[in-house]
Amino acid sequence: FDYSFSMPAIFINPLDKEQLNLLNKLDKQNQDLRVFVSNKTPQEFIDKIPGKKAIGDITDDSHISTASEGAYCGIFFEGNNAKLSETFLNAIKNSNLQRILWISKEEPRNDILEVENLTYIKFSGEQNYFDTVLSLEEVEEISEKFIDLK
């Protein structure tokens with residue numbers, strides 16, 4: 001692999017305007033950004049999202065795993081919606097993603113931490129995970145399984 005360019009990345013479940021900043025930075029850094037957006041997301045927000053967009057049912061793991069085909073890094077934003085964890089886990093198991101960044105406000109469950117090549121980023125409050133995601137998306141190897149950004 002030539003790591004002088006980034007491998008395709010997919011960001012799953014962007015929810016707010018602040019994340020548009022992160023997505024724009026990822027788009028510049030990565031050159032091949034894909035984004036999976038819930039079909040319940042307002043069109044006005046979807047139109048502002050950079051990269052190649054897939055729109056579908058965020059609670060259907062097959063939609064997510066299909067959309068992530070060909071991507072190297074999957075960035076899963078759970079936020080504080082723990083109901084998505086099963087969907088995300090199934091999507092990851094049915095994908096061939098090589099790196100997974102899982103962003104959540106929840107404490108990590110063991111079955112999530114056991115996923116190979118997964119780094120769990122726990123954040124609280126103000127979007128303090130942006131720099132962490134940007135740096136982890138482009139490095140060759142990640143050794144941490146759990147990063148707590150209190």
Sidechain-backbone polar pair: Lys145 side chain, Leu118 backbone, donor-acceptor under 3.5 Å = yes
Shortest non-hydrogen contact between Lys122 and Lys105, atoms and distance = CE-O, 3.4 Å
Gly56 backbone acceptor or donor facing His63 side chain under 3.5 Å = no
Are the ring centres of Phe77 and Phe88 closer than 6.0 Å?
-> no
Same apolar cluster (I L V M F W Y, side chains within < 4.5 Å links), Leu113/Ile103 | no
Is there a side-chain contact between Leu15 and Phe45 (heavy atoms, below 4.5 Å)?
-> no
Can you see which heavy atom on Leu23 is nearest to which on Pro14, and at what distance?
-> CD1-CB, 3.8 Å
Go through Leu89 and Trp102 one step at a time and tell me if the side-chain contact (heavy atoms from CB on, under 4.5 Å) criterion holds.
-> CA-CA 10 Å; Leu89 269 176; Trp102 186 302; 4.2 Å; yes
Quick one: which of Ile147, Asn117, Thr119 gives a side-chain contact (heavy atoms from CB on, under 4.5 Å) with Leu101?
-> Thr119
Any donor-acceptor N/O pair, Lys53 side chain to Ile49 backbone, under 3.5 Å | yes
Is the closest side-chain heavy-atom distance between Gln19 and Phe11 below 4.5 Å?
-> yes
Pairs in or reaching into residues 76-87: which pass salt bridge (Lys or Arg N to Asp or Glu O under 4.0 Å), with residues at least two apart or in two chains?
-> Glu86-Arg109
Locate the shortest heavy-atom distance separating Ala67 from Phe36; write the atom from each residue and the value.
-> CB-CD1, 3.5 Å
Walk me through it: do Tyr120 and Glu106 pass the test side chain to side chain donor-acceptor pair (under 3.5 Å)?
-> CA-CA 10 Å; Tyr120 194 99; Glu106 306 293 325; over 6 Å; no
Are Lys40 and Ile58 close enough, and set up right, to give a side-chain contact (heavy atoms from CB on, under 4.5 Å), and what steps lead you there?
-> CA-CA 9 Å; Lys40 293 184 171 63; Ile58 198 72; over 6 Å; no
Begin from the C-alpha positions of Glu44 and Ile46 and carry the test side-chain contact (heavy atoms from CB on, under 4.5 Å) through to its verdict.
-> CA-CA 6 Å; Glu44 177 191 338; Ile46 293 173; over 6 Å; no
Can you list every pair that meets salt bridge (Lys or Arg N to Asp or Glu O under 4.0 Å) and has a residue in residues 58-69, with sequence neighbours left out?
-> none
Looking only at heavy atoms, which two atoms of Ile92 and Val115 are closest? And how far apart?
-> CG2-CG1, 3.8 Å
Taking C-beta and beyond as the side chain, do Leu97 and Phe76 meet within less than 4.5 Å on heavy atoms?
-> yes
Examine the side chains of Asp47 and Gln43 and answer whether a donor and an acceptor come within less than 3.5 Å of each other.
-> yes
Among Leu84, Ile64, Val35, the one residue meeting side-chain contact (heavy atoms from CB on, under 4.5 Å) with Ile12 | Ile64
Minimum-distance pair of heavy atoms, taken over all atoms of Asp32 and Lys52 | OD1-NZ, 2.8 Å
Between Tyr129 and Leu22, does a side-chain contact (heavy atoms from CB on, under 4.5 Å) hold up when you go through it step by step?
-> CA-CA 9 Å; Tyr129 55 87; Leu22 173 60; 3.8 Å; yes
Which pair of heavy atoms, one from Ala71 and one from Ile10, lies closest together, and at what distance?
-> CB-CG2, 3.9 Å
Hey, is the main chain of Leu26 close enough, under 3.5 Å, to the side chain of Asn30 for a donor-acceptor pair?
-> no
Would you check if Gln29 and Glu138 make a side-chain contact, meaning some heavy-atom pair closer than 4.5 Å?
-> yes
For the hydrophobic clusters of this structure (ILVMFWY residues joined by side-chain heavy atoms under 4.5 Å, transitively), does one cluster hold both Leu33 and Val133?
-> yes
Is it true that a side-chain atom of Asn94 and a backbone atom of Asn90 form a donor plus acceptor pair closer than 3.5 Å?
-> yes
Under 3.5 Å, is there a donor-acceptor pair between the Tyr72 and Glu137 side chains?
-> no
